[in-house]
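First the structure, in the form of structure tokens, and then the observations on it.
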Amino acid sequence: MGLIDFFNEGQIYEVLLVTMSNVTPVGVIRRGNRLFFKLFGGKSAGEIKDHPRASIQVTNDVELIVKLALNFPAEIEFKDRHGYRWIAGLPGVYGRVEFLEEPHYDELGSTTVLKCSLIPVGEIDGTLPPRPISRADFHLIEMAVHLTRLLVAVRKGKLDVAKRLYDDVMLNYLMYKRFGGRSEVARRMIETAKASFGQNSTETPAKESL
Ligand SMILES: Cc1cc2nc3c(=O)[nH]c(=O)nc-3n(C[C@H](O)[C@H](O)[C@H](O)COP(=O)(O)O)c2cc1C
């Protein structure tokens, strides 16, 4: 049984995408022997276009996923061989990436999406610590997903969308704390959200409820 067999077909999994000089979380879907993912701009998309090879690695360290999404410092070590690069210690696959660029429109405006699929050519050895899942982790992930979109919304001047995303970040922080979450990373996310949107807004959304 290969690593890819742990991915149920059609289900979205949050994994790490390692390109030439970047690591970012992406949602992947397995179809057959391929892993499909979409990149909405960003550094990884540019690197894949220049050098269509990547690794996809699995972690159950939600704080790591979140730090890498927001480019907060993270303690990781890389290995490389035969033009592939990966994070030491995390199980995964490496392979060729096929891609297609398309225009994309959503509430954040128009952009291009790089639709990618990775065809594994090798497996990366690694072991995960026996870390149990916590409902706080789900909310930490949601905070990061909304926060990365909030930063884009603010940059594009979509203030109504930004307001909703800001509220989503704050609400998930509340739930995170309710489930016992205590991490410094969550606090930094709140600071980042406030720095990007909180001060721009005329009101102080959701703040009172914290
Ligand atoms: C759990 C999670 C999943 C994400 N999945 C994707 C994704 O599938 N595609 C994408 O373009 N960005 C995704 N993001 C956002 C990127 O991590 C973020 O926009 C990043 O800063 C852009 O990547 P870059 O380092 O390549 O510039 C995700 C973020 C999180 C927290």
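When a ligand or atom number is given, it counts from 1 through the structure's own listing order. Both backbone and side-chain heavy atoms feed into the values below; hydrogens, waters and symmetry mates do not.
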Which residue supplies the protein heavy atom nearest to [atom], what is that atom called, and how far is it?
| atom | answer |
| --- | --- |
| atom 1 (C) of ligand 1 | Glu14 OE1, 3.6 Å |
| atom 22 (C) of ligand 1 | Thr24 OG1, 4.0 Å |
| atom 27 (O) of ligand 1 | Lys43 N, 2.8 Å |
| atom 21 (O) of ligand 1 | Ala69 O, 3.2 Å |
| atom 25 (O) of ligand 1 | Asn22 ND2, 2.8 Å |
| atom 8 (O) of ligand 1 | Gly27 N, 3.1 Å |
| atom 4 (C) of ligand 1 | Pro25 O, 3.5 Å |

Open item on the list: More than 12 heavy atoms of other residues, nucleotides or ligands under 6.0 Å from CD1 of Ile119: yes or no?
Closed with: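 Yes.
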Open item on the list: In terms of relative ring orientation, are Phe179 and His139 parallel, tilted or perpendicular, with 30° and 60° separating the classes?
Closed with: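 If you compare the ring of Phe179 with that of His139, the planes turn out parallel.
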Open item on the list: Can you tell me how the ring of Tyr166 sits relative to the ring of Phe197, calling it parallel under 30°, perpendicular over 60° and tilted otherwise?
Closed with: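 The arrangement is tilted - the two ring planes meet at 30° to 60°.
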TODO: Determine, for Phe36 and Arg31, whether the Lys NZ or Arg CZ falls below 6.0 Å from the six-membered ring centre while staying within 45 degrees of the axis.
DONE: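 Output yes; distance and angle both within limits.
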Open item on the list: For a 4.5 angstrom cut-off between non-hydrogen side-chain atoms, does Tyr84 reach Val18?
Closed with: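 Answer no - side chains too far apart.
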Open item on the list: With clusters defined by side-chain heavy atoms of hydrophobic residues (ILVMFWY) lying less than 4.5 Å apart, directly or transitively, does Phe6 cluster with Leu35?
Closed with: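 In one cluster with Leu35: Phe6, no.
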Open item on the list: Can you check which of Arg149, Lys38, Glu47 brings a heavy atom nearest to atom 10 (C) of ligand 1?
Closed with: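 Shortest heavy-atom distance from atom 10 (C) of ligand 1: Lys38.
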